[in-house]
Amino acid sequence: MMSSQIIPSLSAAELADIDAEISHAPYKAAVAIDALKIVQSYRGWVSDESLKAIAQHLEMSPAELDGIATFYNLIFRQPVGEQVILLCNSVTCWIKGYEQIREQISQHLGVGLGETTTDKAYTFLPVTCLGACDKAPVMMVGDELHEHIDRNDLTQIFRSREQAQ
Amino acid sequence: MSTQLNDPLTRPLTKNIREDRRPTDMAAYEANDGYQSLHSTLGKRSPADCLQIIKDSNLRGRGGAGFPTGMKWSFVPMEDATPGHKYLVCNADEMEPGTFKDRWLLECDPHQLIEGMIISAYTLQADIGYIFIRSEYLLAAQLLREAIADCHAKGYLGDNILGSGFNFELHVHASAGRYICGEETALINSLEGKRANPRAKPPFPQVSGLWGRPTIVNNVETLCNIHHIVQHGAQWFQNLGIGSDAGTKLYGISGRVNKPGCWELPIGTPIRDIFALAGGMEQGYELRGFLPGGGSTDFLTPEHLDLAMDYDTIGKAGSRMGTGTMIVLDDKTCAVGFVKNLVEFFAQESCGFCTPCRDGLPWSAQVLDDIQQGRGTSEDMNTLARQIGFIGAIGNTHCALAPGAMEPLASGIQYFREDFERHLNNGHCPLCHEHNPKGKHDSQHKGQQGVSQGVAS
C-alpha cells in the first residue's frame with residue numbers, strides 16, 4: 001500500500017531492508033538503487049524528503065542520489081496510483097495493436113500516458129519490451145503480466161479489479 | 001518447445017521445460033541429472049581444465065555479440081598479484097525489443113542458470129556472483145531467490161562447496177529499468193549503484209570491472225550452457241550445431257505469425273525451418289521482411305529464408321544474428337512506423353553520455369515522425385542518410401547503442417524505400433492509418449518521463 005503522506009525519515013522496516021543490502025556491499029552508496037526501490041516498495045514513490053533521508057543514510061549527496069533516481073525509468077519521483085499500468089510500446093506489441101489498446105485504456109480510465117486517475121487507483125505508463133513478445137500485446141498491472149490483451153480482456157482486467165475493491 | 005528434438009542431450013537448455021511453463025524445482029531438477037556437473041567438477045577437475053573445455057567448445061556469447069566465451073574468460077587474471085574478490089555477473093536484463101528467450105529459461109528452470117554460474121565461477125575462481133535481472137521479471141527473480149536458498153541448504157552455494165574448498169556467494173540484483181544496463185560496463189556501473197553510463201574501454205572488465213576487480217559478464221543463455229559443456233565435453237557441444245557454430249540456440253519469432261514462440265534448435269538451423277515451427281504467416285498477411293535477432297539488427301527479406309541462422313552466415317548477409325529472436329514485418333505494417341518505433345525506443349533509452357546518441361537519435365526520430373505524419377520532404381531522406389553515416393559508424397559513439405539503432409533504419413530504407421516514398425509523395429499511408437485509426441501519436445518520451453521527471457501526475 002502506498003501513502004501520499006510525507007514521512008520525513010525512514011521507517012525501521014525500510015532501514016532494516018536497506019541495511020541488509022549494505023551488509024554485502026563494499027560501501028554504503030553502492031546500494032543506492034536498491035535503497036530507492038525499497039523505499040518505493042513501502043511508499044509507492046520517492047519523495048524529496050525520502051530522497052534526502054536515503055542520501056543521508058548512504059553517506060552521499062542528495063543531488064547525486066537524485067541523478068541516479070531520475071536516470072532509471074521505474075523509480076518514481078512523483079506520486080503514483082495504487083497500481084502502475086506498464087503498457088508495452090515496443091515493436092512487436094506495436095505491430096499487434098499497441099496504439100488502439102492505449103486509446104482504449106485512456107478512454108476507460110480517463111487518463112493519458114504519464115497520468116494518474118483522479119481516484120489514485122492507477123498510473124498509466126508505457127514500458128519498453130516486456131520480453132513476452134510471443135504473447136503480444138502485453139502489459140503489466142501492478143505485479144501481474146497480462147498477455148494477449150485485446151478489447152474484451154481489457155475490460156475484464158479492469159472490471160475484476162474494480163469488483164475486488 | 002521443439003518437437004523435433006526429443007533426446008534431452010540434443011536440447012540441453014530446455015530438457016526440463018514443460019509445455020505449461022511450470023518452474024522446475026530442486027527435486028525435479030536433480031531427478032533429471034541436475035547438479036551432476038557440480039558433483040563431478042568441483043574439486044575433481046581443475047579450473048584450467050574447465051576453461052580449456054569451454055575454449056575448445058567454440059561457445060559464443062548468446063547475448064547478441066557472439067564473442068567466443070572461452071576467449072573472453074581467458075583474459076581474467078588467474079594468478080592475481082593483488083588478492084581480492086573476483087566477480088561473475090549474469091546479464092538477465094533482457095530488454096532488446098522482440099527478445100523473449102531469457103525469460104523462458106529464468107522462469108522455467110532457474111536451477112540450470114545457478115548450476116551454470118557455479119561451474120563458471122569455479123572455472124574463473126570468482127567468489128561472488130550477481131544475477132542482474134530486469135525489474136519487471138518479478139516471477140523469475142522470486143524463483144531465483146528461492147532456488148539460491150535451496151542451494152545454500154544443500155551446500156551448493158556458500159563456503160567450501162561440497163568440501164572442495166571453493167566458496168561462491170550468489171545475489172539477485174533487480175534493476176530499476178533502463179535498456180543501457182544490458183551493456184556490460186553500464187551494467188557494472190548500475191551494480192555499483194550509479195547511473196548506467198557505459199565505461200571507456202580499456203580497461204576491460206575482465207581485468208578491472210566491478211569495484212575495480214576482475215569481472216565477467218555473460219548472458220543467461222550463455223551461462224546455462226556452461227555446466228552441460230563441462231559435463232559432456234567440447235566435442236559433444238560442437239556436434240550439436242549444424243554449421244560452423246557449436247551448440248544449440250534459442251530461436252524465437254514474434255509478429256504476425258500463427259504460433260509466435262521460442263524453440264531450442266541446433267545453431268545454424270535454416271531460417272525457413274524456424275518459420276515453419278511458427279506455423280508460417282497469419283492468414284491474410286504476407287512476409288515482407290524480418291529483423292533476425294532483436295531491434296538492433298538489420299532487416300533481412302524473404303530471399304534470405306534459406307540462410308542458416310548462425311553468426312557468420314547472417315553477418316555475411318548484412319545483418320547480425322543478435323539474440324536469435326526474430327521480429328516479422330508483414331505487408332499490413334508500414335516500415336516507416338516499424339522503424340520509427342525502434343528509433344524512438346533507442347532515443348528514449350540513450351544514456352545521454354555522448355552527443356551523437358543523446359542528440360542524434362531524437363533527431364532521427366523527429367525526422368521519421370515528420371515523414372510518417374506527411375510533413376516530410378526528399379531532403380529528409382538525405383538527412384536520414386547523413387545521420388546513418390555518422391551515428392551508425394562504430395567509433396563515433398561511446399557504445400554500440402546508437403549504431404544499433406541505425407541498423408533497422410538503414411536497412412529499412414534500403415529494402416522498403418517504397419514505404420518512405422509513399423509517405424513523402426502522398427502525405428498519407430493506408431497501412432499507418434490502419435494501425436492508428438484516430439491519427440493520434442504519443443511520444444514515448446513524455447509518457448515515460450512523466451512520473452520520474454515530474455511532468456504530470
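The sequence lines fix the lettering, A, B, ..., with proteins before strands; numbering per chain opens at 1.
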Does the side chain of [X] reach to within under 4.5 Å of the side chain of [Y], using non-hydrogen atoms?
X: Asn73(A); Y: Glu349(B); result: yes
X: Val91(A); Y: Lys340(B); result: no
X: Glu64(A); Y: Lys194(B); result: no
X: Leu74(A); Y: Glu136(B); result: yes
X: His171(B); Y: His24(A); result: yes
X: Arg134(B); Y: Leu130(A); result: yes

If you count heavy-atom pairs under 4.5 Å between each of Gly295(B), Ala278(B), Gly337(B), Ala196(B) and chain A, which one has the most? Ala196(B)
Report the option among Ser175(B), Pro97(B), Gly177(B) that has the most heavy-atom pairs separated by less than 4.5 Å from atoms of chain A.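 The candidate making the most pairs under 4.5 Å is Gly177(B).
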Taking all atoms of both residues into account, what is the closest heavy-atom pair of [X] and [Y], and its distance?
X: Trp211(B); Y: Ala30(A); value: CZ2-CB, 3.7 Å
X: Phe345(B); Y: Ser90(A); value: CD1-OG, 3.9 Å
X: Cys133(A); Y: Phe100(B); value: CB-CD2, 3.5 Å
X: Lys37(A); Y: Ala176(B); value: CD-CB, 4.2 Å

Would you say Gln56(A) has more than 12 foreign heavy atoms packed within less than 6.0 Å of its CD?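 Counting neighbours around CD of Gln56(A), 12 or fewer heavy atoms of other residues, nucleotides or ligands fall under 6.0 Å, so no.
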Taking atom CG of Asp143(A) as the centre, report whether more than 12 heavy atoms of other residues, nucleotides or ligands fall under 6.0 Å from it.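 Not buried by this count: 12 neighbours or fewer within 6.0 Å.
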Ala132(A) portion near chain B, given a 4.5 angstrom heavy-atom threshold: both
Which region of Leu145(A), side chain (C-beta onward) or backbone (N, CA, C, O), has a non-hydrogen atom less than 4.5 Å from a non-hydrogen atom of chain B, or is it both or neither?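 Contact with chain B: side chain only.
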Using 30° and 60° as the class limits, which term best fits the ring planes of Trp94(A) and Phe338(B): parallel, tilted or perpendicular?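 The arrangement is perpendicular - the two ring planes meet at more than 60°.
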At a heavy-atom separation under 4.5 Å, does [X] approach chain A through its side chain, its backbone, both, or neither?
X: Asp330(B); value: side chain
X: Val328(B); value: backbone
X: Glu282(B); value: side chain
X: Ser190(B); value: both
X: Glu96(B); value: backbone
X: Cys351(B); value: both
X: Tyr179(B); value: neither
X: Ala174(B); value: both
X: Ile180(B); value: side chain

Count the heavy-atom pairs under 4.5 Å between each of Pro26(A), Ala32(A), Ala136(A) and chain B, then report the option with the highest count. Pro26(A)
For the backbone of Ile68(A) and the side chain of Arg195(B), can you confirm whether one donor and one acceptor N or O come within less than 3.5 Å of each other? no
Atom pair [atom1] ([X]) and [atom2] ([Y]), whose distance is rounded to the nearest 0.5 Å:
X: Ile33(A); Y: Leu191(B); atom1: CD1; atom2: CG; value: 8.0 Å
X: Thr92(A); Y: Met326(B); atom1: OG1; atom2: CE; value: 12.0 Å
X: Glu99(A); Y: Asn341(B); atom1: CD; atom2: CG; value: 8.5 Å

Going by atom types only, do Glu344(B) and Asn89(A) share a side-chain donor-acceptor pair under 3.5 Å? no
Regarding Tyr72(A) and Ser135(B), is there a side-chain donor-to-acceptor distance under 3.5 Å anywhere? no
Please walk me through it: do Ile327(B) and Ile95(A) pass side chain to side chain contact (heavy atoms under 4.5 Å, CB included)? CA-CA 10 Å; Ile327(B) 312 164; Ile95(A) 292 169; 4.3 Å; yes
